[in-house]
Amino acid sequence: MIVVVGGIKGGTGKSIIATNLTVIRSSLGKKVLLIDGDSQQTAKDWSEQRDDLGNKCLWITTYQEGIALKEYVKKNKQKYDDIIIDTAGRESDSLRAAIAVSDVLIVPFRPRSPDLGTLKHLEKLIQLMNPINPKLRILSFLTQADFKGADNEDSIKIIKKYPRLGGTNLSIGSRKSFPNAYTQGLGVIEIKPKDIKATKEIMALHDFIYKKRT
Ligand SMILES: Nc1ncnc2c1ncn2[C@@H]1O[C@H](COP(=O)(O)OP(=O)(O)OP(=O)(O)O)[C@@H](O)[C@H]1O
Ligand SMILES: [Mg+2]
């Protein structure tokens with residue numbers, strides 16, 4: 001399955017999600033290709049860091065952008081069980097290219113107005129891309145969610161006002177173990193001591209995306 005982690009807001013946690021899904025899929029024995037479609041190369045750096053620290057990468061990581069990204073996916077998709085594409089936090093050729101060739105677009109939103117303000121723009125992009133990839137499944141969810149207060153719930157309600165964007169009740173909390181794992185080139189399911197809550201949240205997201213397809 002080809003999954004693109006996208007959206008048109010920076011810093012939401014796309015690369016954190018892409019790297020964590022890569023670890024989970026690989027741990028399940030899947031042959032995974034991680035495509036970094038962002039010139040910041042946060043996902044590629046993470047794989048390199050993992051290698052440098054002596055932790056084996058069971059997946060292939062490559063940096064591709066725009067049309068080249070699309071062609072690369074088309075040419076290589078038969079070789080992998082899973083392709084995970086990380087994109088930049090803006091409307092870009094790479095995001096459009098990835099949307100054109102993916103099965104699923106997942107979009108993290110922080111429970112904050114500037115993030116939710118991009119919903120209408122994302123909806124327009126999805127509308128525009130629909131004739132190119134009418135089968136695309138879209139899942140939106142919260143990241144860096146609060147531990148208390150009403151913002152999470154309110155944000156989910158707002159996201160669900162955009163039915164094309166596939167709002168879910170899934171939520172990844174704001175947890176230090178995500179950046180900690182990233183720094184070590186790990187996924188949050190691999191860190192010690194184990195962060196049970198973070199593991200549960202990322203596994204719930206994983207299961208929702210890949211359900212009946214694992
Ligand atoms: N669930 C989380 N809990 C705590 N910190 C997080 C979480 N997710 C991401 N972060 C932190 O937020 C910052 C942005 O995360 P990340 O780089 O994954 O976002 P991004 O959407 O890929 O950004 P960009 O749009 O620049 O590519 C990083 O410092 C990351 O460690
Ligand atoms: Mg990123």
Side-chain angles (χ1 to χ4, degrees), residues 3-24 34-50 61-66 69 83-99 102 104-112 114-119 121-122 125 138-149 151-152 155-156 159 165 168-191 193-206 208-209:
V3 174
V4 50
V5 191
I8 48 179
K9 188 75 189 166
T12 54
K14 296 176 292 299
S15 301
I16 291 284
I17 300 292
T19 53
N20 274 281
L21 291 178
T22 298
V23 168
I24 298 170
L34 172 61
I35 301 183
D36 194 329
D38 181 0
S39 57
Q40 286 187 99
Q41 302 197 26
T42 308
K44 191 157 179 278
D45 284 349
W46 167 81
S47 287
E48 284 170 6
Q49 173 76 341
R50 185 180 179 98
T61 308
T62 178
Y63 168 65
Q64 303 288 331
E65 272 203 287
L69 186 156
I83 299 180
I84 295 164
I85 310 171
D86 185 24
T87 56
R90 60 189 155 80
E91 236 190 285
S92 65
D93 287 347
S94 297
L95 177 59
R96 284 185 286 266
I99 288 175
S102 291
V104 187
L105 164 67
I106 62 169
V107 192
F109 285 92
R110 286 168 297 201
R112 300 286 176 265
D115 291 51
L116 301 171
T118 65
L119 280 160
H121 306 297
L122 183 66
L125 174 66
I138 304 165
L139 302 176
S140 297
F141 57 96
L142 289 188
T143 45
Q144 302 180 47
D146 300 330
F147 291 112
K148 50 184 182 182
D151 288 357
N152 295 345
S155 300
I156 289 174
I159 295 169
L165 302 184
T168 67
N169 293 328
L170 291 162
S171 166
I172 308 275
S174 181
R175 301 186 188 282
K176 195 76 198 324
S177 45
F178 285 102
N180 285 350
Y182 176 90
T183 309
Q184 302 170 64
L186 300 175
V188 82
I189 64 164
E190 298 175 301
I191 57 164
K194 209 172 165 66
D195 183 332
I196 293 168
K197 286 180 180 165
T199 299
K200 227 174 156 178
E201 287 172 350
I202 196 72
M203 286 310 297
L205 175 66
H206 165 275
F208 201 95
I209 299 167

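Order of appearance sets the numbers: ligands from 1, and atoms from 1 within every ligand. When reading the values below, keep in mind they use all heavy atoms of this one structure, side chains included, and skip hydrogens, waters and symmetry mates. In this text, all values refer to a predicted model and were calculated from it rather than measured experimentally.
- Excluding waters, the set of protein N, O or S atoms lying under 2.8 Å from the Mg ion (ligand 2) comprises Ser15 OG.
- Closer than 4.0 angstrom to ligand 1 sit non-hydrogen atoms from Gly10, Gly11, Thr12, Gly13, Lys14, Ser15, Ile16, Asp38, Gln40, Gly89, Gln144, Ile172, Gly173, Ser174, Arg175, Phe178, Pro179.
- Here the side chain of Asp38 pairs no donor or acceptor atom with the backbone of Asp86 at under 3.5 angstrom.
- In this structure a side-chain-to-backbone donor-acceptor pair under 3.5 Å is present from Glu201 to Gly173.
- Taking the charged nitrogens against the carboxylate oxygens, Asp115 and Arg110 do have a contact shorter than 4.0 Å, which makes a salt bridge.
- Taking the charged nitrogens against the carboxylate oxygens, Glu48 and Lys44 do have a contact shorter than 4.0 Å, which makes a salt bridge.
- Between Arg112 and Asp146, at least one side-chain N (NZ, or NE/NH1/NH2) sits under 4.0 Å from a carboxylate O, which counts as a salt bridge.
- In this structure, the side chain of Trp46 engages the main chain of Leu186 through a donor-acceptor pair within 3.5 Å.
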Point to revise | Gln184 vs Glu190, side-chain contact (heavy atoms from CB on, under 4.5 Å): CA-CA, chis, key distance, verdict | key: CA-CA 10 Å; Gln184 302 170 64; Glu190 298 175 301; over 6 Å; no
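- Residues Gln40 and Thr42 have side chains that never bring a donor and an acceptor to within less than 3.5 angstrom of each other.
- In this structure, the side chain of Thr143 engages the main chain of Thr12 through a donor-acceptor pair within 3.5 Å.
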